[in-house]
Amino acid sequence: MIRIILPFIALVFGLWAWNLPAAPGAASSWAVYDQSLLLSGLLSIALMSLAMMLALRPVWLERPLGGLDQIYRSHKWAGILAVVFAAAHWLIEMGDDVIESIFGEAGKLHDPDYSGFIDAMRDVAEDVGEFAIYLLFAMLLITLWRKFPYKYWRYLHRVMPALYLLLAFHAAWLTPLQWWQQPVGMLMAVLLLSGSIASGLSLAGRVGRRRQVRGTVTGVKTPARYVTEVTCDLGPAWRGHRAGQFALVTFNTMEGAHPFTIASADQENGTVTFLIKSLGDFTRDLSHKIRVGQTVKIEGPYGCFDFNRRNRKSHQIWIAGGIGVTPFLAWLEALGTNKTTVPEADLHYCTRNAGQDPMVARLQQLCQDFPGINLQIHDSSKGESLSAEKLSTGGPSTAGEEVWFCGPAGLGRVIQQGLRAAPFRLTRFHKEAFQFR
């Protein structure tokens, strides 16, 4: 998120400040009011434009931003901040009577005298903007309300591109005319055009269309309680994937797509396997909701949790918690096809009950051919837990150690904070955030 949003805000703020000396009214109270109103509105529509563009799932941004999960995280926070600045814009607009009661009308800046058509359109833009902002507030509250069902939220979320177009209309007509001759106006024109194109593509259902493949479910198993293993045949249309990547999977059109890590290495035959844990309404009892032979739509692959991206000079520490073992199963399976690339690594698997967890046996079987991979099982039913202090450094390394984590967010935060707090410990921490909402 920090990689793109903070520099983006700094750019927008900088171009607004560049234009500030040319603003009328100097440093009067009403000038401060007007510039605050303009800045809050500019930041809001700029961040919303960014959110619309990131919603297109641009693959070319995955590597610089760290994967599609981080792109969606940036999309989410760009949207939240856009609403925050929209709220500030609305409050400032509503506060003109308060400013007038304190400072009077002396120095109040009046709008230029436009022609009848432009003046009428500006009045319409004001009304449209106020209506759209109220809807925007409602959308944010629903999005932050975690108990609101995803299958209904996704339909409401589809309204956002239309809502953006209303706000873009508001911004375009109410932007000061002198801005369009300044760098800030040029930036705004680019953002409004890009955001409008992105909104149009979203409304037309074109997002991710080129990366979508239809296939058939060829296998449904339940290797463990609350876990469903699904195998799909996508045929030659599937362009392959790298071990550790994920895909957006649609079993039910009404339910929509969900992100699942691909649990198998690429066999170059169009076959992919997913291990899906019961975490929500749809995934609960998934084995009873899907069947062999049904059609499945898969979009991808996405993600940078890629074994080939590891630093070969760093000591490798791999940490899996629960269903977070999925990408490591794909890694180990991929290693089996090319044993010359097998690194030395400590693989930590955290489970609630090792005796009843079939993934333990699967990991042990996969690791037995790789003496350089040290598998360690942490069984919480026996009081065994993993912490940063228990992670082996594997001896001195000039490049430090590289941690790849996939599991519960709470466990990841504890381990990452513990590693950061350790003195003289050089660690690079990789993880993915699958909470797209």
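Evaluation of the side-chain hydrogen bond (donor to acceptor under 3.5 Å, both in side chains) test over residues 318-327, restricted to residues two or more places apart or in two chains, returns Gln316-Trp318. The salt bridge (Lys or Arg N to Asp or Glu O under 4.0 Å) contacts involving residues 39-59 comprise Arg57-Glu299, where partners must be two or more places apart or lie in separate chains.
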Next on the checklist: side-chain contact (heavy atoms from CB on, under 4.5 Å), that's the test. Do Arg291 and Val217 meet it? Break it down for me.
Outcome noted: CA-CA 7 Å; Arg291 67 185 189 281; Val217 175; over 6 Å; no
Checklist entry - Between Leu201 and Ile197, is a side-chain contact (heavy atoms from CB on, under 4.5 Å) present by the stated rule, with each step listed? => result CA-CA 6 Å; Leu201 292 173; Ile197 293 174; 4.2 Å; yes
Item to check | Stepwise side-chain contact (heavy atoms from CB on, under 4.5 Å) test for Glu401 and Leu391 | outcome: CA-CA 10 Å; Glu401 58 194 7; Leu391 295 178; 5.9 Å; no
Item to check | Verdict with supporting geometry, Thr351 and Asp357, side chain to side chain donor-acceptor pair (under 3.5 Å) | outcome: CA-CA 7 Å; Thr351 177; Asp357 189 342; 2.7 Å; yes
Checklist entry - For Leu81 and Leu43, what are the C-alpha separation, side-chain angles and deciding distance, and is it a side-chain contact (heavy atoms from CB on, under 4.5 Å)? => result CA-CA 9 Å; Leu81 289 174; Leu43 287 170; over 6 Å; no
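Applying the side-chain contact (heavy atoms from CB on, under 4.5 Å) rule to Thr295 yields the partners Arg214; only residues at least two apart in sequence or on another chain are considered. With sequence neighbours excluded, no residue satisfies ring-ring contact (aromatic ring centres under 6.0 Å, His included) with His89. A search for side-chain hydrogen bond (donor to acceptor under 3.5 Å, both in side chains) contacts involving Ser44 returns nothing, not counting sequence neighbours. For Ser196, there are no side-chain hydrogen bond (donor to acceptor under 3.5 Å, both in side chains) partners two or more places apart in sequence or in a different chain. Met186 pairs by the side-chain contact (heavy atoms from CB on, under 4.5 Å) definition with nothing, not counting sequence neighbours. A search for side-chain hydrogen bond (donor to acceptor under 3.5 Å, both in side chains) contacts involving Asp306 returns Arg242, not counting sequence neighbours. For Tyr349, the ring-ring contact (aromatic ring centres under 6.0 Å, His included) test picks out no residue, with sequence neighbours left out. Residues meeting the side-chain hydrogen bond (donor to acceptor under 3.5 Å, both in side chains) test with Lys297, sequence neighbours left out: none. The ring-ring contact (aromatic ring centres under 6.0 Å, His included) search around Phe13 returns Trp16, not counting sequence neighbours. With sequence neighbours excluded, the residues that form a side-chain contact (heavy atoms from CB on, under 4.5 Å) with Ser36 are Val32, Ile92.
Formation of a donor-acceptor pair under 3.5 Å by the Ser49 side chain with backbone atoms of Gly195 is not found in this model. Under the 3.5 Å distance criterion, the side-chain polar atoms of Asp285 are left unmatched by any main-chain donor or acceptor of His288. The main-chain N or O of Trp173 is found under 3.5 Å from a side-chain atom of Arg122 such that the two form a donor-acceptor pair.
Rounding to the nearest 0.5 Å places CG of Leu47 at 7.0 Å from CD1 of Ile5. Separation of atoms CZ (Phe251) and OG1 (Thr283) is listed at 10.5 Å; rounding is to 0.5 Å. With rounding to the nearest 0.5 Å, the separation of NE2 in His241 from CD in Glu268 is 10.5 Å. Once rounded to the nearest 0.5 Å, the distance linking CG of Leu140 with CD1 of Ile80 reads 6.0 Å. Thr175 contributes atom OG1, which lies 9.0 Å from atom CD1 of Ile45 (distance to the nearest 0.5 angstrom). Atom CZ of Arg352 sits about 11.5 Å away from atom OG of Ser381, to the nearest 0.5 Å.
Residues Ile133 and Leu167 meet the side-chain proximity criterion, which asks for heavy atoms closer than 4.5 Å.
Between Glu432 and the choices Phe305, Tyr302, Trp404, the side-chain contact (heavy atoms from CB on, under 4.5 Å) rule is met once, by Phe305.
In this pair, Phe148 and Trp145 present their aromatic rings tilted. The plane angle is within the 30 to 60° band. Aromatic ring pairs are classed by plane angle as parallel below 30°, tilted from 30° to 60° and perpendicular above 60°; the pair His157 and His75 is perpendicular.
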